[in-house]
Amino acid sequence: MKIKHRAQGSKTQEEESVSAQLQEQMLLSTVASSVVGRFITRSSRVSGIPDPSFFTTSTKMALEQFTFGPYKIDSREVFYSTHLSYALVNLRPVVPGHVLVCPRREVKRFVDLTTDETSDLWIAAQKVGSQLETYHKASSLTLTIQDGPQAGQTVPHVHIHIIPRKGGDFKENDEIYDALDEKEKELKQKLDLDKDRKDRSLDEMAQEAEEYRKLFL
């Protein structure tokens, strides 16, 4: 009896048919994924549904823990972050868009920041300030640090105040620094999450942060 051996590397007609079907299914799956992806992205732009990356950023922030000096910060108040810095909405802003940018590490004085932290902090402030100036239709920015208690710092954690400015927002321009001193004192008294809030609610602040978060997608 002669046994016929199939040549190595050759395929039967049935195997070739199965292979062709698998390739066709893979092609259809790739095309479908591409179409769905484009549909979601386009729908996000047209109908206002957030881009999937928005949920990734929001979810990531929600899982992180932030502190401001000895105080806990609810992650819903944070709208921008890097590996070294973060930006949060203000409990008592002096004008709309007044936010804070802080190093993640608890550092009391500006001189104690590392070179990388200093660079990252100001790059974050530059990016945040630019976006909020446009968002609030402002024409200028005040960026200031109250570095130490005699400079008006009440929370022992370096933070940059970013304040969108418009013509006439203060009668005398230097009045903004008096307003900042007053708000700093109030901020220390109101930051503890275990105490009742008597001014802006957490929901109100979270809604503001959510709007700002969209600026950095």
(request) Examine distances only and state if a side-chain atom of Tyr212 and a backbone atom of Leu88 form a donor-acceptor pair shorter than 3.5 Å. (result) no
(message) I need the minimum non-hydrogen distance between Arg213 and Phe79, along with the two atoms involved.
(response) CG-O, 3.5 Å
(request) Check side-chain contact (heavy atoms from CB on, under 4.5 Å) between Ala124 and all other residues, then give those that pass, not counting sequence neighbours. (result) Tyr80, Ser85, Val101
(message) Can you give me the closest heavy-atom contact between Val128 and Ala87, atom names plus distance?
(response) CG2-CB, 4.0 Å
(message) For the CZ atom of Phe110 and the CD1 atom of Ile145, what is their distance to the nearest 0.5 Å?
(response) 5.0 Å
(message) Just so I know, are the side chains of His161 and Thr142 near enough to count as touching, which here means a heavy-atom distance under 4.5 Å?
(response) no
(request) Verify the neighbour count for atom CD of Glu211: are there more than 12 heavy atoms of other residues, nucleotides or ligands below 6.0 Å? (result) yes
(request) Measure across Arg104 and Thr82 and return the closest heavy-atom pair with its distance rounded to 0.1 Å. (result) NE-O, 2.5 Å
(message) Before you tell me yes or no, could you show the steps for Glu77 and Arg200 under salt bridge (Lys or Arg N to Asp or Glu O under 4.0 Å), namely the whole-Å CA-CA distance, both residues' side-chain angles and the distance that decides it to 0.1 Å?
(response) CA-CA 12 Å; Glu77 299 173 43; Arg200 296 220 296 168; over 6 Å; no
(request) Calculate, to the nearest 0.5 Å, the distance between atoms OG1 and CD1 belonging to Thr118 and Ile123 respectively. (result) 10.5 Å
(request) Check Tyr135 against Leu215 and note the closest heavy-atom contact, atom names and distance. (result) CD1-CD2, 3.9 Å
(message) Please determine whether the number of non-hydrogen atoms from other residues, nucleotides or ligands lying under 6.0 Å from atom CD of Gln126 exceeds 12.
(response) no
(message) Do Phe216 and Val99 sit in one hydrophobic cluster, given that two such residues count as connected whenever their side-chain heavy atoms are within less than 4.5 Å of each other, even indirectly?
(response) yes
(request) Give, for atom CD1 of Ile160 and atom OG1 of Thr144, the distance between the pair rounded to the nearest 0.5 Å. (result) 9.5 Å
(request) Return the minimal non-hydrogen interatomic distance between Pro164 and Gly97, and the atom names on each side. (result) CD-O, 3.3 Å
(message) Nearest 0.5 angstrom please: Asn90 CG to Glu208 CD, how far?
(response) 8.5 Å
(message) Is the shortest side-chain heavy-atom distance between Pro156 and Pro149 below 4.5 Å?
(response) no
(request) Output the distance between atom CZ (Arg165) and atom CG (Leu143), rounded to the nearest 0.5 Å. (result) 11.0 Å
(request) Please answer whether the main-chain N or O of Gln153 pairs with a side-chain N or O of Gln146 as donor and acceptor at a distance below 3.5 Å. (result) no
(request) Compare all side-chain heavy atoms of Glu64 with those of Ser75 and state whether any distance is below 4.5 angstrom. (result) no
(message) Looking at every heavy atom in both Cys102 and His157, which two are closest together, and how far apart are they?
(response) CB-NE2, 4.1 Å
(request) Report the distance from atom NE2 of His136 to atom CD1 of Ile163, rounding to the nearest 0.5 Å. (result) 12.0 Å
(request) With sequence neighbours left out, write down each residue that passes side-chain contact (heavy atoms from CB on, under 4.5 Å) with Glu117, or none if nothing qualifies. (result) Leu84, Arg105, Val107, Leu113, Thr114
